[in-house]
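Worksheet: the structure to be examined is printed underneath.
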Amino acid sequence: MAVVLACTAALAVACSGPLPGTERAASTTASSGAPEPVGPYGTGAAPGLPTPGVTATDPSVWPSTETTPTYTEMHDDHDHGGETPAPLPTPSVPVATQVDGNDPLAVSKAAVITMLSSDTTTDTSAADAILRAGVYFTPKFLSDQRGIMPGVREDPRWRQWKEHQVRMVVEAELADDMGKPPNTAVEAYHAWSVTTQPVGSDGYKGVPDEDVLFVTMTREMSGKPWLVSAIEYG
């Protein structure tokens, strides 16, 4: 299947449908001759991942100082004069250095929340949030996302959100009960039910988006940190 990444509000990450304020770009394709997919992960080994028992080829460098961007620090809201604006919500965005890289559940959740938590008070577009999440991606997956950045940066709703000083508030609940392959020593899968809502400092609240994201992870070998190699919208 293709590498699929999610985007919030204006995020576009190889996905199967439009994201909040942008289009989802699919980036995973099934191998020829593979059995008909059953569920979001399909059957057998996940696309782009080694078959069970085979070591992954993507280098496991988590976090990587060469391929990962620095997190953008969240700033306080600005006064507009007159009435004091309502305080901006404080999105609960994981700090990469505090995420256990050996726990696929923690890595998948951190990746999903980070890439959807764009902030118009500090970001130039939703693409910035995707790049921040790159600390959790394999080098190849991060490279794929960089390839779609031009389209993400052209999201027409970003200007409107910026006028309201919007921050995306993201909530993620585990949704593994929707079905997933069993985790192995070098492959892991987790699903998240995600709600993303644009909230502005002036009281503006956009319609929340609700999606299910299926995250595929890999690592070189047991004991190495997990990295996200695909994210697909259900």
Side-chain angles (χ1 to χ4, degrees), residues 1-9 11-20 22-31 34-52 56 58 62 91-94 96 99-117 129-130 133-138 140-142 144-145 168-197 208-219 225-234:
M1 64 190 189
V3 183
V4 187
L5 198 157
C7 323
T8 166
L11 299 182
V13 227
C15 312
S16 54
L19 297 173
T22 186
E23 299 251 338
R24 299 175 181 158
S27 52
T28 44
T29 56
S31 312
E36 194 64 24
V38 177
Y41 291 113
T43 57
L49 293 182
T51 54
D58 280 328
W62 188 91
S92 181
V93 181
V99 176
D100 183 0
N102 292 311
D103 180 356
L105 196 66
V107 172
S108 60
K109 184 175 184 178
V112 165
I113 291 179
T114 301
M115 73 183 187
L116 297 177
S117 297
I130 298 176
V135 69
Y136 306 108
F137 301 162
T138 62
K140 182 181 184 306
F141 190 49
L142 178 57
D144 289 340
Q145 304 322 307
M168 296 298 167
V169 178
V170 184
E171 296 181 359
E173 297 291 335
L174 190 63
D176 281 353
D177 57 353
M178 298 187 69
K180 77 177 191 67
N183 292 351
T184 71
V186 295
E187 301 170 330
Y189 314 84
H190 285 296
W192 295 94
S193 176
V194 182
T195 299
T196 305
Q197 182 174 35
D209 286 285
E210 297 181 356
D211 293 285
V212 176
L213 279 65
F214 299 91
V215 184
T216 299
M217 289 159 287
T218 185
R219 62 180 176 177
W226 290 100
L227 292 171
V228 174
S229 60
I231 298 179
E232 183 176 4
Y233 275 73

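A distance-only check finds a donor-acceptor pair linking the side chain of Asp176 to the backbone of Ala191 [under 3.5 Å]. Side-chain atoms of Ser108 come within 3.5 Å of backbone atoms of Leu105 as a donor-acceptor pair (strictly under, hydrogens ignored).
In this structure, Phe137 and Asp144 have side chains that are not in contact, with every pair of non-hydrogen atoms separated by 4.5 Å or more. Inter-residue side-chain proximity for Tyr136 and Leu227 is flagged as unmet; no heavy-atom pair is nearer than 4.5 Å. Contact check for Glu171 versus Ile113: no side-chain heavy atoms found under the 4.5 Å cut-off.
In plain terms, the two heavy atoms of Phe214 and Tyr233 that are nearest each other are CD1-C, 4.3 Å. Across all their heavy atoms, Ala111 and Ala133 have their closest contact at O-CB, 3.9 Å. Counting all heavy atoms, side chain and backbone alike, Ala110 lies closest to Pro94 at CA-CG, 3.7 Å.
Trp226 and Thr218 share no donor-acceptor pair across their side chains, judged by distance under 3.5 Å alone.
With sequence neighbours excluded, the residues that form a side chain to side chain contact (heavy atoms under 4.5 Å, CB included) with Asn183 are Pro104, Lys180, Ala188, Tyr189, His190.
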Requested in this report: Verify side chain to side chain contact (heavy atoms under 4.5 Å, CB included) between Asp211 and Asp209, making sure each step is shown before the conclusion.
Outcome: CA-CA 7 Å; Asp211 293 285; Asp209 286 285; 4.2 Å; yes

**Report entry** From CA spacing to verdict: side chain to side chain contact (heavy atoms under 4.5 Å, CB included), Val112, Val194
**Finding:** CA-CA 8 Å; Val112 165; Val194 182; 3.5 Å; yes

Report task. Take Val107 and Val228, measure what side chain to side chain contact (heavy atoms under 4.5 Å, CB included) needs, and give me the verdict at the end. Result -> CA-CA 8 Å; Val107 172; Val228 174; 4.3 Å; yes

Report task. Please report the C-alpha distance between Val169 and Thr196 in whole Å, then the side-chain angles of each, then the deciding distance to 0.1 Å, and finally whether the side chain to side chain contact (heavy atoms under 4.5 Å, CB included) criterion is met. Result -> CA-CA 6 Å; Val169 178; Thr196 305; over 6 Å; no

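Note that OG1 of Thr195 is 4.0 Å distant from CD of Glu210, once rounded to the nearest 0.5 Å.
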